[in-house]
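Quick notes on the structure that follows.
Side-chain atoms are counted along with the backbone in the values below, which use heavy atoms only and exclude waters and symmetry mates.
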Amino acid sequence: MKKKLKILAIFLILVILLYFIFNFISGIIYKNKMKEISKFSSSEMIDYTLKNNKNTIISIAVYDENGITYNIYGGEYNLNYDYEIGSATKTFTAMLISRAVEEGKINLDDNISNYLELENRYYPTIKRIITHTSGFKPYYLSFQKIKNYFSGGNDFYNISKEQLLKELNKTKLEDKDYDFNYSNFGISTLGLILEKVYYKDYNELQEEYFKELDMNNTSVAIGKGNLRGYWKWNEDDGYIPTGAIISNIEDMSKYLETLITSDESYIIKTQEPLTDVRAVNDIYNIFDINVDKVGMTWMIDNKNDIIWHNGSTTNFNSYIGYNKEKKVGVVVLSNLSPKSDVNMTFIGNKILHEMLDK
């Protein structure tokens with residue numbers, strides 16, 4: 001018996017060792033591949049992506065002195081393909097927060113316990129949450145979260161607002177700026193605050209805002225469109241503010257133009273740096289993509305004077321980035337898994353660099 005246990009232990013150690021060796025070697029191979037791809041032009045990146053991924057449709061909108069130019073790759077010339085924009089949803093949540101600040105409904109330096117019924121202890125400020133420096137984890141494990149993982153669908157499906165509040169009451173953090181840690185959980189709590197101060201459901205607030213921006217083909221948490229593989233949502237899911245918007249390239253180009261040209265103070269303030277972070281990502285560095293500062297959810301690349309955000313779900317990934325001074329920007333939407341070789345962040349960033357280098 002002891003001999004069998006010893007053999008089993010050795011076997012398990014070898015399996016674990018092989019796993020780490022495999023991942024180490026895979027990481028080196030992937031990094032070297034990214035170094036080669038980073039040398040491609042944007043058109044070469046697109047060609048490479050379409051060649052290696054059948055049924056992929058990439059929609060791109062470019063904004064410059066000539067206005068908006070559209071290009072559709074891999075499908076018909078159709079501006080109405082419906083894409084999940086993933087975490088770019090957070091920038092819309094930030095818009096609502098910024099407007100609430102301007103209207104005097106909230107203060108960025110307020111502790112979130114000023115608005116939510118929480119236990120009597122320290123909780124992060126809205127500013128720390130919206131810049132991902134609150135100390136909140138990206139998400140908190142639960143039975144539903146584990147179940148979602150194994151179902152292969154939406155990781156955040158069926159996690160209620162009540163569950164978010166329960167997790168909030170369990171958190172114990174210090175009153176300080178933590179290191180940058182991108183938190184879906186944190187941004188979701190801002191949705192709870194918006195509902196409190198406006199006495200409206202987050203989905204309703206967002207749908208009203210889409211109408212203001214003339215984004216008539218954009219919706220939140222509907223889980224359907226004219227492509228495949230959309231995430232399923234319940235209307236009252238807690239994580240909706242972090243990644244549940246579906247839009248098309250025409251509507252997202254309107255959003256891009258608004259971000260670049262609007263003189264509305266609440267819009268401008270979302271893009272202003274609130275904290276230095278200097279987040280390090282080896283793969284992003286290969287493509288000269290940087291996070292030096294963070295605004296209201298927006299990533300700020302000081303080196304290249306680019307404001308940007310990306311987003312991904314299981315079957316979609318996207319990028320939006322722009323330079324306000326030169327008034328140029330790009331939106332890239334795709335029905336492609338973020339695990340593909342050429343993420344839309346790489347393509348979008350490359351297009352923007354090519355525009356800025358002219």
Side-chain angles (χ1 to χ4, degrees), residues 37-46 58-73 79 83 85 87-88 90-92 94-95 98 130-131 213-215 247-279 281 283-311 317-334 342-358:
I37 290 174
S38 70
K39 299 172 185 176
F40 291 180
S41 67
S42 61
S43 59
E44 288 171 333
M45 285 185 183
I46 293 168
I58 301 172
S59 297
I60 297 177
V62 169
Y63 180 85
D64 57 19
E65 70 274 8
N66 300 312
I68 297 289
T69 303
Y70 298 104
N71 285 290
I72 313 296
Y73 301 91
L79 303 184
Y83 298 93
I85 66 169
S87 284
K90 294 178 177 67
T91 67
F92 287 89
M95 285 289 198
S98 185
I130 211 164
T131 58
L213 297 179
D214 195 30
M215 296 176 67
S247 189
N248 64 21
I249 196 64
E250 189 172 25
D251 274 11
M252 287 301 291
S253 71
K254 292 176 183 177
Y255 184 49
L256 175 67
E257 185 171 2
T258 296
L259 289 163
I260 294 173
T261 64
S262 177
D263 59 1
E264 291 270 8
S265 62
Y266 82 91
I267 293 176
I268 293 170
K269 285 178 180 177
T270 63
Q271 307 156 49
E272 294 175 348
L274 290 175
T275 188
D276 295 340
V277 293
R278 296 180 180 84
N281 181 306
I283 302 300
Y284 279 4
N285 288 344
I286 291 171
F287 289 87
D288 197 14
I289 301 169
N290 306 291
V291 182
D292 303 307
K293 297 176 183 289
V294 181
M296 292 192 195
T297 71
W298 286 102
M299 307 296 130
I300 300 172
D301 180 344
N302 264 10
K303 177 185 173 185
N304 299 298
D305 199 14
I306 291 171
I307 301 170
W308 66 277
H309 211 291
N310 57 10
N317 80 93
S318 62
Y319 172 88
I320 179 169
Y322 54 97
N323 178 296
K324 286 203 63 139
E325 183 180 351
K326 295 187 177 181
K327 296 189 182 302
V328 297
V330 63
V331 177
V332 185
L333 306 176
S334 78
V342 185
N343 193 287
M344 295 306 107
T345 300
F346 306 155
I347 293 175
N349 180 71
K350 178 66 75 168
I351 293 171
L352 200 43
H353 274 270
E354 291 168 349
M355 295 171 72
L356 293 171
D357 289 342
K358 286 182 179 178

For this session: Quick one: do Met344 and Tyr83 satisfy side-chain contact (heavy atoms from CB on, under 4.5 Å)? Show the steps, please.
Result: CA-CA 13 Å; Met344 295 306 107; Tyr83 298 93; over 6 Å; no
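- When atom types are taken as modelled, the side chain of Lys324 and the backbone of Leu259 share a donor-acceptor pair closer than 3.5 angstrom.
- Without hydrogens or angle criteria, Ser318 side chain to Ile85 main chain gives a donor-acceptor distance under 3.5 Å.
- Within the structure, ring pair (Phe, Tyr, Trp, His ring centres under 6.0 Å) contacts touching residues 285-306 (residues at least two apart or in different chains) are Phe287-Phe346, Trp298-Tyr322.
- Here Asp288 pairs with Lys303 under the salt bridge (charged side-chain N to carboxylate O under 4.0 Å, His left out) rule; sequence neighbours left out.
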For this session: Would you sort out whether Ile46 and Ile347 count as a side-chain contact (heavy atoms from CB on, under 4.5 Å), showing the intermediate values?
Result: CA-CA 7 Å; Ile46 293 168; Ile347 293 175; 4.0 Å; yes
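- Looking at every heavy atom in both residues, Glu44 comes nearest to Ser41 through OE1-N, 2.8 Å.
- For Tyr73, there are no ring pair (Phe, Tyr, Trp, His ring centres under 6.0 Å) partners two or more places apart in sequence or in a different chain.
- Between the side chain of Gln271 and the backbone N or O of Ile307 there is no donor-acceptor pair closer than 3.5 Å.
- For the pair Thr297 and Thr270, the minimum side-chain heavy-atom distance is 4.5 Å or more.
- Summarising the geometry of Ala61 relative to Ile68, their closest heavy-atom pair is CB-CG2, 4.3 Å, with the distance given to 0.1 Å.
- Annotation for Gly321 and Leu256: closest pair O-CD1, 4.0 Å, computed over non-hydrogen atoms.
- Contact detail for Asn248 and Asp251: the closest heavy-atom pair is OD1-N, 2.8 Å.
- Here the CE atom belonging to Met95 is positioned 7.5 Å from the OG1 atom belonging to Thr258, to the nearest 0.5 angstrom.
- Lys269 pairs by the salt bridge (charged side-chain N to carboxylate O under 4.0 Å, His left out) definition with nothing, not counting sequence neighbours.
- Here side-chain hydrogen bond (donor to acceptor under 3.5 Å, both in side chains) pairs that include residues 62-72, with residues two or more places apart or in two chains, are Tyr70-Ser253.
- By the ring pair (Phe, Tyr, Trp, His ring centres under 6.0 Å) test, Tyr319 pairs with no residue at all, sequence neighbours left out.
- Judged purely by atom type and a 3.5 angstrom limit, Asn290 has no side-chain atom pairing as donor or acceptor with the backbone of Asp292.
- In this structure, Lys326 NZ and Ile260 CD1 are separated by 13.5 Å, a value rounded to the nearest 0.5 Å.
- In this structure, the side chain of Asp301 does not engage the main chain of Ile289 through any donor-acceptor pair within 3.5 Å.
- A distance-only check finds no donor-acceptor pair linking the side chain of Ser98 to the backbone of Ala94 [under 3.5 Å].
- Between Glu272 and Ile300 the shortest heavy-atom distance is C-CD1, 4.1 Å.
- Panel note: side chain Lys350, backbone Met45; no donor-acceptor pair is recorded below 3.5 Å.
- Residues Asn281 and Val291 have side chains not in contact (no heavy-atom distance under 4.5 Å, counting atoms from C-beta outward).
- With no hydrogens or angles considered, a side-chain donor-acceptor pair links Thr91 and Tyr255 at under 3.5 Å.
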